[in-house]
Protein chains: 2
Amino acid sequence: MKPISPRQQDILNFIRQFIEQEEFPPTIAEITRALGLKSPHGVREQLQALARKGAIELIPSASRGIRLLQKAAEQDGLPLIGKVAAGRPLMTEANVEQYCKLGPELFQNKADYLLRVQGSSMRDAGILDGDLLVVQQAAEARSGQIVVARLHDEVTVKTLRLAGEMAYLEPANPEFPVLAVDLSKQELSIEGVVVGVIRNRID
Amino acid sequence: MKPISPRQQDILNFIRQFIEQEEFPPTIAEITRALGLKSPHGVREQLQALARKGAIELIPSASRGIRLLQKAAEQDGLPLIGKVAAGRPLMTEANVEQYCKLGPELFQNKADYLLRVQGSSMRDAGILDGDLLVVQQAAEARSGQIVVARLHDEVTVKTLRLAGEMAYLEPANPEFPVLAVDLSKQELSIEGVVVGVIRNRID
DNA sequence: CGGTAGACTGTCCATAAGAACAGTGTTCTT
DNA sequence: AAGAACACTGTTCTTATGGACAGTCTACCG
């Protein structure tokens, strides 16, 4: 999108705030008054510029015919990442299955995305195949936390255990092995910390 | 709130749908056209009636000055029921801890409320102490479903197993007993069906 | 049987609000 | 130095819109 001038940003902010408060968009005259201007025409031109830049949509001849466009991102909620394509960063368009609205009041830590669990290696921690993990993006984690980690281009969910130069990725299922990583020799990148679990299928 | 007539409900539905689609409320004339009426005055009176009944708010002299009021209930999200007071219906004000916003796209079945789990009797089904169950209100359930049931004034979460006149409430933890209920002698009331699980604390 | 509420038509008015035209001055970039 | 984008004032025009008045018809409620 093209750059938005400071004044246009002012107008955009006012519209956003107005909608927040009144539940409908302002008229051009209301914007004019709010900015302390004397003629509505200046505002009108700015609105048309904003429309050209793709920030808003103007509905011709309709009073209060202003629609904010990139509000969409907020409304979509958290991205749900299904299958992770090898060698790709997690939060890639291609990985996102859908967007889920989740109120922030549910999780004490900020949630960044949802990740669908594959396999039952964390079964005894109450994380089952097909569950959605609520993940907070983080590059580091404390020992004992359940993390989303990337090892040799593969993404895995395990409990992280740190002991000096060694990191252990512990499953919560005796049928799976503990992965030991020598941090001085291999690279282990933390993608995020699990802050919640959601199960939407009960069999 | 006072009762809303069928016609007024029509108008309310149209306004709701219009806002959903256009992001701003309709004008009186637009409502008139949508309902196939010839004069805007009839609609105007209905709007004033709706305002008297507390369903909407009319902002005088403002174009599209219609605000939906009980939209608040939706916005509040699902009620989260913490501890259940004995002998009281579940969805009582006193039982509600808070309201949580949850997008409906997450659960294929409609969710009615959240219930905090106490105890670990469903541990092996991946339902742990402190988890939030996503519950759909229902008076009946199929055999094999995980249900919220009330037995002797106590609310419990178990897998329901039906066999003729007998109902079994099976825990998912060998440390807990199966509860057998003879439906011809005792009363077992189903409060709802579990359609999802949310864990917001990871220890 | 009168009163009230619901559900309209039809007309009219004042103004709120979008649209357009004619300008002015500034700050950039090319 | 010219052109484009920004950031306005000021005026005029038309239509969209809310608001008001005068009625009609029906269904209920007590």
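Excluded from the calculations below are hydrogen atoms, water molecules and symmetry mates; all remaining heavy atoms, backbone and side chain alike, are included. We name chains A, B, ... by the order of the sequence lines, and we start the count at 1 in each one.
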Let me check something: any side-chain donor-acceptor pairs from residues 119-133 of chain B under 3.5 Å, sequence neighbours excluded? List them with distances.
{"from": "B/Ser121", "atom 1": "OG", "to": "B/Lys158", "atom 2": "NZ", "distance (Å)": "3.4"}
{"from": "B/Asp129", "atom 1": "OD1", "to": "B/Gly119", "atom 2": "N", "distance (Å)": "2.8"}
{"from": "B/Asp131", "atom 1": "OD1", "to": "B/Arg199", "atom 2": "NE", "distance (Å)": "2.9"}
{"from": "B/Asp131", "atom 1": "OD2", "to": "B/Leu128", "atom 2": "N", "distance (Å)": "2.8"}
{"from": "B/Asp131", "atom 1": "OD2", "to": "B/Arg199", "atom 2": "NE", "distance (Å)": "3.2"}
{"from": "B/Asp131", "atom 1": "OD2", "to": "B/Arg199", "atom 2": "NH2", "distance (Å)": "3.1"}

Rounded to whole Å, how long is the line connecting atom [atom1] of [X] with atom [atom2] of [N]?
X	N	atom1	atom2	answer
A/Phe24	D/dT17	CZ	C1'	14 Å
A/Leu58	C/dA17	CG	P	16 Å
A/Arg64	C/dG18	CZ	C1'	12 Å
A/Ile31	C/dA16	CD1	C1'	15 Å
A/Asp10	D/dA7	CG	P	9 Å
A/Ile28	C/dA19	CD1	C1'	8 Å
A/Gln48	D/dA7	CD	P	15 Å
B/Glu30	D/dT15	CD	P	17 Å

Revision key, fill the gap. Winner on side-chain proximity to B/Thr27, out of D/dG18, C/dG6, D/dG19, is D/dG18

**Study point:** Side chain of A/Arg44 - closest among D/dC6, C/dA7, C/dG18
**Key:** C/dG18

Practice item. Could you tell me, to 10°, how much the axis swings from one end of the helix from C/dC1-D/dG30 to C/dT30-D/dA1 to the other, five pairs per end? Key: 30°

Going by the rule side-chain hydrogen bond (donor to acceptor under 3.5 Å, both in side chains), which residues pair with [X] if we only count those two or more places apart in sequence or in a different chain?
X	result
B/Ser189	none
A/Glu170	A/Arg161
B/Gln17	none
A/Arg116	A/Glu97

Reckon [X] has a side-chain N or O less than 4.0 Å from the OP1 or OP2 of [N]?
X	N	answer
A/Ser5	D/dA7	yes
B/Ser61	C/dA16	no
B/Ser63	C/dA16	no

Tabulate protein N/O versus nucleotide N/O from nucleotides 8-13 of chain D, keeping only pairs under 3.5 Å, one per line.
{"from": "D/dC8", "atom 1": "OP2", "to": "A/Arg7", "atom 2": "NE", "distance (Å)": "2.1"}
{"from": "D/dC8", "atom 1": "OP2", "to": "A/Arg7", "atom 2": "NH2", "distance (Å)": "3.3"}
{"from": "D/dC8", "atom 1": "N4", "to": "A/Glu45", "atom 2": "OE1", "distance (Å)": "2.6"}
{"from": "D/dC8", "atom 1": "N4", "to": "A/Glu45", "atom 2": "OE2", "distance (Å)": "3.3"}
{"from": "D/dT9", "atom 1": "OP1", "to": "A/Lys38", "atom 2": "N", "distance (Å)": "3.0"}
{"from": "D/dT9", "atom 1": "OP2", "to": "A/Lys38", "atom 2": "N", "distance (Å)": "3.3"}
{"from": "D/dT9", "atom 1": "OP2", "to": "A/Ser39", "atom 2": "N", "distance (Å)": "3.1"}
{"from": "D/dG10", "atom 1": "N7", "to": "A/Ser39", "atom 2": "OG", "distance (Å)": "2.9"}

Point to revise | Criterion salt bridge (Lys or Arg N to Asp or Glu O under 4.0 Å) on B/Arg64 and B/Glu30, from CA distance to verdict | key: CA-CA 10 Å; B/Arg64 306 181 187 276; B/Glu30 280 161 350; 2.9 Å; yes

Check your understanding: Who pairs with A/Phe107 by ring-ring contact (aromatic ring centres under 6.0 Å, His included), at least two apart in sequence or on another chain?
Key -> none

Review point. Does a donor on one side chain and an acceptor on the other come within less than 3.5 Å for A/His152 and A/Gln186?
Key: yes

Please output the side-chain donor-acceptor pairs of residues 36-51 of chain B that fall under 3.5 Å, not counting sequence neighbours, one pair per line with the distance.
{"from": "B/Ser39", "atom 1": "OG", "to": "B/His41", "atom 2": "N", "distance (Å)": "3.3"}
{"from": "B/Gln46", "atom 1": "OE1", "to": "B/Gln8", "atom 2": "NE2", "distance (Å)": "3.1"}

